2 protein chains.
Amino acid sequence: MPFQKVQFRDKAFTCTSEVTLELISGKWKVLILSYLSKKVCRFNELQKLMPETTQKMLTLQLRELEKDGLIIRKVYAVAPPKVEYLLSDLGERLVPMLKQLCNFGADYLDRLEA
Amino acid sequence: MPFQKVQFRDKAFTCTSEVTLELISGKWKVLILSYLSKKVCRFNELQKLMPETTQKMLTLQLRELEKDGLIIRKVYAVAPPKVEYLLSDLGERLVPMLKQLCNFGADYLDRLEA
DNA sequence: CCGGATCCCAGACGATACTG
DNA sequence: CAGTATCGTCTGGGATCCGG
């Protein structure tokens, strides 16, 4: 753990791990990334997978993930509109971490029973 | 990625990875955990390591980490007061993840230059 | 089908002062 | 030394309506 001072989005961070958290913290981001790690999805597919989201929030989170280069937004010039979302190379690279987050969480909850 | 519906702190989560994020998201938590992964620390040591923190915030984050069972607060009955903080077994188990978060962040920032 | 624009609130976070 | 207590701010996220 290098504790390397860095600037990102005009904020100062003390460790690069904080940058990663900055990228994936957002109400629906891990879920979006997890679903996209399984398959390419259209907007309304994601909506069905995450019924708790509002359109606005889903859009917002997708835009941020896109801006950060973690996902790709593919627009087809057809009517009715068709938009697909998929992981970028960078996005793919954090899939192992998502799994670890998942495993730890499951493990943690198990221990709470005991 | 199981997408396993769980309850935690009276909130509903769709995947256990969200629980892990819930545990470590907080302005100073990853830093605290990272520092404690290197050595046991006293309160004012942590304060010196993280000069940006206020006492209130540091206390708050430490209390939450303790309540969640990730760190241990060891109070010595002496004057002046002496309190030590260290990782619990559960806390130790997320150290590998902290490193991954760190590595990804560093990697990510590198790519931004290119 | 996909998303933008507005309004609003709780809760996270901060500043400052005080204490056993 | 290691905290409380109090108050103030700010922003992430929700609700709702509008538009191409």
Side-chain angles (χ1 to χ4, degrees), chain A residues 8-14 18-33 35-36 40-68 71-86, chain B residues 8-14 18-19 21-33 35-36 39-68 71-86:
Chain A
F8 181 56
R9 292 178 178 163
D10 301 328
K11 294 186 199 170
F13 296 96
T14 306
E18 297 179 302
V19 173
T20 307
L21 282 181
E22 179 90 357
L23 292 173
I24 65 174
S25 52
K27 197 64 191 295
W28 307 101
K29 290 189 183 175
V30 272
L31 276 183
I32 294 171
L33 292 167
Y35 283 121
L36 292 187
V40 174
C41 289
R42 295 185 57 172
F43 186 85
N44 66 343
E45 276 186 283
L46 289 170
Q47 257 191 314
K48 279 170 204 158
L49 288 167
M50 297 176 279
E52 319 294 311
T53 338
T54 60
Q55 288 185 337
K56 176 201 162 185
M57 279 310 299
L58 188 51
T59 303
L60 194 69
Q61 306 276 299
L62 286 168
R63 286 293 134 85
E64 288 183 16
L65 289 170
E66 188 198 3
K67 189 160 85 22
D68 290 333
I71 67 172
I72 293 168
R73 180 168 177 264
K74 215 169 180 176
V75 184
Y76 295 87
V78 296
K82 178 179 173 183
V83 182
E84 280 182 352
Y85 293 94
L86 61 149
Chain B
F8 181 57
R9 292 178 178 163
D10 303 326
K11 294 185 197 172
F13 296 96
T14 307
E18 296 179 303
V19 173
L21 282 181
E22 179 90 358
L23 292 173
I24 64 174
S25 52
K27 196 67 192 292
W28 308 101
K29 291 189 182 175
V30 273
L31 276 183
I32 293 172
L33 292 168
Y35 283 122
L36 293 186
K39 66 186 283 295
V40 174
C41 288
R42 296 184 57 170
F43 187 85
N44 67 341
E45 277 186 281
L46 289 171
Q47 259 191 312
K48 278 169 204 155
L49 288 167
M50 297 175 279
E52 320 294 311
T53 337
T54 61
Q55 288 184 335
K56 176 197 161 186
M57 278 312 298
L58 187 51
T59 303
L60 193 68
Q61 306 276 298
L62 286 167
R63 286 293 134 85
E64 289 184 14
L65 289 170
E66 188 199 3
K67 189 159 86 24
D68 289 334
I71 68 173
I72 293 168
R73 180 168 177 265
K74 215 169 181 175
V75 184
Y76 295 86
V78 295
K82 178 177 173 183
V83 183
E84 280 181 350
Y85 293 95
L86 60 148

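Each chain gets a letter, A, B and so on, in the order its sequence line appears, and its residues count up from 1. FYI, side chains are in, hydrogens and waters are out, and symmetry mates aren't considered; it's all heavy atoms of this structure. On a predicted model such as this, the values are computed, not experimentally measured, just so you know.
More than 12 heavy-atom neighbours from other residues, nucleotides or ligands sit within 6.0 angstrom of NZ on B:Lys82.
Taking the side chain of B:Thr59 as heavy atoms from C-beta on, and the options D:dA2, D:dT4, C:dC2, the nearest nucleotide is D:dT4. The side chain of B:Arg42 has D:dC1 as its nearest neighbour among C:dC2, D:dG3, D:dC1.
In this structure, the side chains of A:Thr59 and A:Arg63 come closer than 4.5 Å at one or more pairs of heavy atoms. With contacts defined as side-chain heavy-atom distances shorter than 4.5 Å, the pair A:Leu46/A:Leu62 qualifies. The shortest distance between side-chain heavy atoms of B:Leu58 and B:Gln47 falls below 4.5 Å. Within the 4.5 Å cutoff, no side-chain heavy atoms of A:Lys29 are placed close to those of A:Ile71.
The distance from atom CG of A:Leu65 to atom C1' of C:dG3 is 16 Å, rounded to the nearest whole Å. Rounded to a whole Å, the CD atom of B:Gln47 is 13 Å from the P atom of C:dA15. Rounded to whole angstrom, the span from the CD atom of B:Glu64 across to the P atom of C:dA12 amounts to 7 Å. The separation between A:Lys82 atom NZ and C:dG3 atom P is 14 Å, rounded to whole Å. A straight line from CG of A:Asp10 to P of D:dC10 spans 17 Å, rounded to a whole angstrom. Taking atom CD of residue A:Glu45 and atom P of nucleotide C:dG3, one finds them 13 Å apart after rounding to whole Å. Per the geometry, CD belonging to B:Glu22 stands 12 Å off C1' belonging to C:dA12, to the nearest Å. As rounded to whole Å, 7 Å separates atom P of D:dC1 from atom NZ of B:Lys48.
A salt bridge does not link A:Glu18 to A:Lys11: none of the charged side-chain nitrogens sits closer than 4.0 Å to a carboxylate oxygen.
Contact between the side-chain N/O atoms of A:Arg63 and the OP1/OP2 oxygens of C:dG4 is found at a separation under 4.0 Å.
When each of A:Ile32, A:Leu33, A:Leu31 is checked for a side chain to side chain contact (heavy atoms under 4.5 Å, CB included) with A:Tyr35, only A:Leu31 meets the rule.
A:Tyr85 comes within 4.0 angstrom of sugar-phosphate atoms only, judged by non-hydrogen atoms across all strands, and of no base.
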- Can you give one letter per nucleotide of nucleotides 11-20 of chain D, going 5' to 3': B for a protein heavy atom under 4.0 Å from the base, S for sugar-phosphate only, - for none? --SBB-----
